[in-house]
Amino acid sequence: MRRILFVTLLLTILSVTGCAPTPETLGRAANPYPLADKPVPDTLVHLPTGTIVSTEQMLADISSDRIIYAGETHDNPASHRFQLTILNHLIQRYPQHIAVGMEMFHHDQQPVLDRWIAGELDEKSFLRQLRWYESWGIDYAYYRDLLTTMREHHIPIIALNVSPKQKMAVMQGKQTTPEVNDPYYHATLMAYFAGHDHGNGEAEAFIRIQNLWDNTMAQTVVDYLSQPEHTHDHLLVLAGGNHVRNGFGIPRRVYQKLPLSYSLVGNDEVEIDDSKQDRFMQVTLPELPLLPYDYLLYNRYEAGPQYMRLGVLLEQQDDGVVIGKVMPGSLAESSEIKAQDRIVSLNGEAVKEPFDVIYTLRQQQPGDTVTLIVERQAESIKVRVTFAQ
């Protein structure tokens, strides 16, 4: 009798409400509870439930996990402020048991990172020894607050990434990488590859390198947290969103070897500064039955740090740094700097390599004046350049 009544009740409900929802009316697996209104910057959402939350609510939830993967947009200041908020909270909660793993550094750079955290290097020496601008290429100003905070609180930085030598060995076919056995990972990488507009013949090489990076970073996380002295440590992993989004880059590989609790957080740009309009690729991603993150911050793709330019190309030669070319209409041209001038000093400091010029220029602000001593045909010439307001 109860079974008959249940069936009767179900039929009654369907007759009143209409037919059951079809799959087309349901949300996407990657966003099962979409927001009713278009998100605006600084909206933080718990994606599994579609609930807008405060930063404090998110931190209370994720900070107990052993690993927090914070996916970033490398050149978005808003992305790094979000990471810094998480870092500061973890420092307060676990001052003696927190470390930060960073995609931006490779294994060969670990000794330099250790010296930075120990307070043995100033910023210029730190960047010089890392060869930051060659090895990473993103303006250091995006990361300054994060790295300074780690140094001030003596938070270990773990270099996660593969060394250039190992990367080159894989590219040249001298070293193999494990097969990609995740269909979602493979399909997503193929979509990004298509967005880069490369030839199809290079697709598998592209995937091998990405796979090498993610395998290496995951194994580095496992190795660090597996050490007895780090049994109680919490690790904040800072990496590009593509390495942690959906969980199949670094996180899944770590969990398969070391099943510790973890959270995924990241950002999505819903407004774009005019200066960043050309940074987006046309990528059609596959539909995946996976949430991109546990918590997603909708933010603005902000303008990056503005640094002063002389308008020259620098060349490293045996006798020092030489002006290879002066750009038409540049400050260098109006200041009568000439091609083949050798830069002897900049603001009183000797110039031995292009880094000396690049670092000093990136410390300047509009309205500042720099003084160069250049050598031209055995003559020493002083040049003062003032940057426009």
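We number each residue from 1, following the sequence as shown.
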For [X], does the [atom1] atom sit with more than 12 other heavy atoms under 6.0 Å from it, leaving out its own atoms?
X      : atom1 : result
Glu179 : CD    : no
Lys167 : NZ    : no
Asp37  : CG    : no
Gln377 : CD    : no
Lys352 : NZ    : no
Asp368 : CG    : yes

Identify the two heavy atoms, one from [X] and one from [Y], that lie closest to each other, and give their separation to 0.1 Å.
X      : Y      : answer
Glu333 : Val326 : N-CG1, 3.6 Å
Gly324 : Gln340 : O-NE2, 4.3 Å
His106 : Val162 : CB-O, 3.1 Å
Ile250 : Val244 : CD1-CG1, 4.3 Å

For the [atom1] atom of [X] and the [atom2] atom of [Y], what is their distance to the nearest 0.5 Å?
X      : Y      : atom1 : atom2 : answer
Leu84  : Arg81  : CG    : CZ    : 10.0 Å
Asp214 : Leu189 : CG    : CG    : 7.5 Å
Leu285 : Arg245 : CG    : CZ    : 7.5 Å
Ile86  : His89  : CD1   : NE2   : 9.5 Å
Leu296 : Leu35  : CG    : CG    : 9.0 Å
Asn246 : Leu291 : CG    : CG    : 8.5 Å

Within the distance-only criterion (no hydrogens, no angle test), does the side chain of [X] pair as donor or acceptor with the backbone N or O of [Y] below 3.5 angstrom?
X      : Y      : value
Asp182 : Tyr184 : yes
Arg151 : Leu121 : yes
Asn211 : Pro178 : yes
Lys257 : Ala218 : no
Ser64  : Ala60  : no
Asn76  : Glu302 : yes
Trp116 : Ile157 : no
Ser125 : Asp122 : no
His186 : Asn181 : no
Asn161 : Phe105 : no

List in chain and number order the residues that pass salt bridge (charged side-chain N to carboxylate O under 4.0 Å, His left out) with Glu134, two or more places apart in sequence or in another chain; answer none if no residue qualifies.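 So Glu134 forms a salt bridge (charged side-chain N to carboxylate O under 4.0 Å, His left out) with Arg131.
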Donor on one side chain, acceptor on other, [X] and [Y], under 3.5 Å:
X      : Y      : answer
Gln92  : Asn88  : no
Asp65  : Ser263 : yes
His107 : Thr220 : yes

Side chain to side chain contact (heavy atoms under 4.5 Å, CB included) assessment of Leu235 paired with Leu260: CA-CA 11 Å; Leu235 184 66; Leu260 299 176; over 6 Å; no
Given a cutoff of under 4.5 Å between side-chain heavy atoms of I, L, V, M, F, W and Y, with clusters grown through shared members, what are the other residues clustered with Met327?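 Other cluster members: Leu313.
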Pairs satisfying ring-ring contact (aromatic ring centres under 6.0 Å, His included), at least one member in [range], at least two apart:
range            : value
residues 347-389 : Phe355-Tyr359
residues 315-340 : none
residues 298-321 : Phe280-Tyr301

Side chain to side chain contact (heavy atoms under 4.5 Å, CB included) partners for [X], two or more places apart:
X      : answer
Thr231 : none
Ala169 : Lys174, Gln175
Ala141 : Asp139, Arg144, Pro305
Ala303 : Asp273, Ser275, Gln306

Please check if the distance between the ring centroids of Trp136 and Tyr142 is under 6.0 Å.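 No, too far apart.
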Centre-to-centre under 6.0 Å for Phe193 and Phe206, is that the case here?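 So the answer is yes for these two rings.
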Could you go through the salt bridge (charged side-chain N to carboxylate O under 4.0 Å, His left out) check for Arg128 and Asp356 one step at a time? CA-CA 9 Å; Arg128 187 195 302 276; Asp356 295 316; 2.7 Å; yes
Write out all pairs satisfying salt bridge (Lys or Arg N to Asp or Glu O under 4.0 Å) with one or both partners inside residues 91-118, taking only residues at least two apart or from two chains.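 For residues 91-118: Arg115-Glu120.
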Give the intermediate values and the outcome of side chain to side chain contact (heavy atoms under 4.5 Å, CB included) for residues Ile91 and Thr149. CA-CA 10 Å; Ile91 290 172; Thr149 297; 3.8 Å; yes
Run the numbers on Leu238 and His80 for side chain to side chain contact (heavy atoms under 4.5 Å, CB included), then give the verdict. CA-CA 9 Å; Leu238 307 183; His80 297 297; over 6 Å; no
Show the numbers, then the answer: is there a side chain to side chain donor-acceptor pair (under 3.5 Å) between Asp223 and Gln227? CA-CA 7 Å; Asp223 291 343; Gln227 297 174 28; over 6 Å; no
For Tyr295, check ring pair (Phe, Tyr, Trp, His ring centres under 6.0 Å) against everything at least two apart and list the hits.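 If we apply the ring pair (Phe, Tyr, Trp, His ring centres under 6.0 Å) test to Tyr295, skipping adjacent residues, the hits are His46.
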With sequence neighbours left out, what residues match Gln57 under side chain to side chain donor-acceptor pair (under 3.5 Å)?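 Per chain and number, Gln57 pairs via side chain to side chain donor-acceptor pair (under 3.5 Å) with Ser54.
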In sequence, state the C-alpha distance, the side-chain angles, and the governing distance for Lys124 and Glu349, and then conclude on salt bridge (charged side-chain N to carboxylate O under 4.0 Å, His left out). CA-CA 12 Å; Lys124 186 175 181 180; Glu349 295 191 11; 2.9 Å; yes
Let me see the working for Leu160 and Met102 under side chain to side chain contact (heavy atoms under 4.5 Å, CB included), right down to the final yes or no. CA-CA 6 Å; Leu160 296 181; Met102 299 186 69; 5.5 Å; no
